[in-house]
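Naming: A, B, ... by sequence-line order, numbering from 1 per chain.
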2 protein chains.
Amino acid sequence: MSVSEIRRRRGPRRALTEDEILDAALDLLDEGGADAASIRGIAARVGVAPNAVYTYFPDKAAVVRGLVERLLGGVDHDVFADRARPWHERVEALALELRAHLSAHPGAVPLMIGGPMDGPHALTLNERLLQLLADAGLGPADAARASYLLIVYVFGSIALEVADTSRPGPLPPEAERVAARKAAFSATPADDFPRSAEAAATMAGYVSTEQYLWGLHRILGGIAAREATPEELGPVDLRDRTGLREAHSA
Amino acid sequence: MSVSEIRRRRGPRRALTEDEILDAALDLLDEGGADAASIRGIAARVGVAPNAVYTYFPDKAAVVRGLVERLLGGVDHDVFADRARPWHERVEALALELRAHLSAHPGAVPLMIGGPMDGPHALTLNERLLQLLADAGLGPADAARASYLLIVYVFGSIALEVADTSRPGPLPPEAERVAARKAAFSATPADDFPRSAEAAATMAGYVSTEQYLWGLHRILGGIAAREATPEELGPVDLRDRTGLREAHSA
DNA sequence: ACATTATCTGGACGGCGTACAGGAGCGTTC
DNA sequence: GAACGCTCCTGTACGCCGTCCAGATAATGT
């Protein structure tokens, strides 16, 4: 301490740091959901006027980007760094670590999928995953597609889970969520949706982490099978209407 | 036409219908993104005062729910209804139909994953998918988990894709999106992220629909393998920190 | 000491979702 | 047919949001 920081700026000393602002934003996010993390709320929490925040971030989107970056930076890389373990165990460890880490701040999940994740921490995470898949013996193309698949599953799964319990505040414990889900689904008319009702009754015995891992294991199995027999993509009728709309122009 | 509708309400005739409001909301969504679909904007487009909308919907969330329901209701069920075809082809047809349908309104994707999809059309879709998986020979529990896995993949994949090109308006054609992606990724410093850069270079040759199908095929393969050898879930270290937080209370 | 520049403030603008009160249209009931 | 009562739409307003502008203040470079 007491190390006098060299100050390059000319004006008065800053009252805060970017990190303090992100801390306040994260607290508000955890307490009151995404709506509570407003510029004015953040400013009030750190004790400055609302527009003082614009000294540190150019606009709210930058604050959100910083928040996402901070959260992704907190992911523990050690739990899947051991290259001696089988690759699917390492992927599973990564998936569980990410899930645990992101579920601790459910309000941030919509912010993540709301914009591109291209910050340095996001890229680092992607890089680690690609390295992991390369260790597993996948070629560059398959590794890239497999990482995309895994990322979609991990983030999509958490996003859907958060969406189902979208009240602000921390996620309730898993048992409670399962119970609420059971109640909600069993309220669906079994006459109109017999299989949904049956599925609800069956699924109620499974905690959602187990369900999460089931899907992850199917994906890992599919990737492993692809690795074993790398046949080409079958003849598929690509009917991407999105691309067709502006065809024949230009 | 000219069928005089019986009017049960006592007051003056309604100037609009719920559908007109949803039409206007969808138009605004397509033109200007999620932000443009405001209550005031919708009201202006249909030519009423902003609060007149509250005659038809109790609040904005209800409008959004109606919008999501309308979009899900527009999914063509015929493309995967043929029970004579192999089940994985039917799932693929469903996935492609959903992708094409939702990509036509990218602004709506954040609205879908922003809240639970529990409307009648959403349940119908889930019901069809469960039926499809039951036709494939999966038991109720596996069918439920497999449908969850597929739904996560389809919606998560579209959501991430939309997030990467989050400017309002319709999605650009696929070739353009791939080019933009290539440019963005190749701008990542190859020194810090060598594998990401390599992946970007490799992936640039693949259109995103192909990538989408690659992941889908891995999932289908994983499900099929599970169907063939239904071994139990392996011994997995469940470390759900979410559930642990409130343990030992109550 | 002076000029320069970064920082924070009060105030304001336009937009949002939405609540409240009032007036006008229309079916119901005497 | 006239009065009633319900329904719809409007004007207005409140509190919130993100963000900009002008001004005061504090620190640095010269």
Side-chain angles (χ1 to χ4, degrees), chain A residues 4-22 24-25 27-29 31-68 107 110-111 114-115 166-168, chain B residues 4-22 24-25 27-29 31-68 107 110-111 114-115 166-168:
Chain A
S4 67
E5 306 229 351
I6 48 162
R7 293 192 15 81
R8 50 189 58 76
R9 292 187 194 77
R10 213 193 270 236
R13 291 180 176 82
R14 295 192 150 185
L16 319 129
T17 62
E18 281 89 346
D19 278 335
E20 290 179 75
I21 293 176
L22 293 180
D27 287 348
L28 289 173
L29 205 67
E31 293 168 9
D35 293 351
S38 65
I39 294 284
R40 298 175 118 98
I42 295 167
R45 178 168 268 250
V46 295
V48 295
N51 31 9
V53 175
Y54 291 90
T55 305
Y56 303 87
F57 297 92
D59 52 20
K60 185 177 183 178
V63 179
V64 170
R65 279 196 300 272
L67 211 48
V68 170
L111 303 182
S166 56
R167 283 169 304 295
Chain B
S4 67
E5 305 230 352
I6 49 162
R7 293 194 13 81
R8 50 190 60 77
R9 291 188 192 76
R10 216 194 270 232
R13 289 181 177 81
R14 296 192 149 184
L16 319 126
T17 62
E18 281 90 346
D19 278 333
E20 291 179 75
I21 293 177
L22 293 181
D27 288 347
L28 290 172
L29 206 67
E31 293 168 10
D35 292 351
S38 65
I39 293 285
R40 298 175 116 100
I42 295 167
R45 178 168 269 249
V46 295
V48 295
N51 33 8
V53 176
Y54 292 90
T55 305
Y56 304 87
F57 296 92
D59 52 19
K60 185 177 183 178
V63 179
V64 170
R65 279 196 300 272
L67 212 48
V68 170
L111 303 182
S166 56
R167 283 170 303 295

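Rounded to whole angstrom, the span from the CG atom of A:Asp35 across to the P atom of C:dC16 amounts to 16 Å. Rounded to an integer number of Å, the gap from A:Glu20 CD to C:dC8 P is 11 Å. Separating the CD1 atom of B:Ile21 from the P atom of C:dG17 is a distance of 13 Å, rounded to the nearest angstrom. Separating the CD1 atom of B:Ile39 from the P atom of D:dC17 is a distance of 19 Å, rounded to the nearest angstrom. Per the geometry, CZ belonging to B:Arg10 stands 7 Å off P belonging to D:dT7, to the nearest Å.
Each salt bridge (Lys or Arg N to Asp or Glu O under 4.0 Å) pair with one or both residues in residues 46-56 of chain A, not counting sequence neighbours, would appear here, but there are none. Among pairs with a residue in residues 57-68 of chain A, none fulfils salt bridge (Lys or Arg N to Asp or Glu O under 4.0 Å), at least two apart in sequence or across chains. The side-chain hydrogen bond (donor to acceptor under 3.5 Å, both in side chains) analysis of residues 46-56 of chain B, with sequence neighbours excluded, yields no pairs. Legend: side-chain hydrogen bond (donor to acceptor under 3.5 Å, both in side chains) pairs involving residues 35-44 of chain A, not counting sequence neighbours: none detected.
Checking C:dT7, C:dT18, C:dC8 against the side-chain heavy atoms of A:Arg14 singles out C:dT7 as nearest.
When all heavy atoms of B:Val46 and B:Ala24 are compared, the closest pair comes out as CG1-CB, 3.6 Å.
The salt bridge (Lys or Arg N to Asp or Glu O under 4.0 Å) test applied to A:Arg45 returns A:Asp27, A:Glu31, not counting sequence neighbours. Residues satisfying the salt bridge (Lys or Arg N to Asp or Glu O under 4.0 Å) criterion with A:Glu18, sequence neighbours excluded, are A:Arg14. Listed by chain and number, the residues in a salt bridge (Lys or Arg N to Asp or Glu O under 4.0 Å) with A:Asp19 are A:Arg70 (sequence neighbours excluded).
Each of A:Val48, A:Leu67, A:Ile42 was evaluated against A:Ile21; a single residue qualifies, A:Ile42, per the side-chain contact (heavy atoms from CB on, under 4.5 Å) test.
Within residues 50-62 of chain B, the residues approaching DNA chain D are B:Asn51, B:Ala52, B:Thr55, B:Tyr56, by heavy-atom distance under 4.0 Å. At a non-hydrogen distance threshold of 4.0 Å, A:Val48, A:Ala49 from residues 41-49 of chain A come into contact with DNA chain C.
Below the 3.5 angstrom threshold, one finds a donor paired with an acceptor across the side chain of A:Arg40 and the base of D:dG18.
A sub-4.0 Å separation between OP1 or OP2 of C:dT7 and a side-chain N or O of A:Arg13 is absent.
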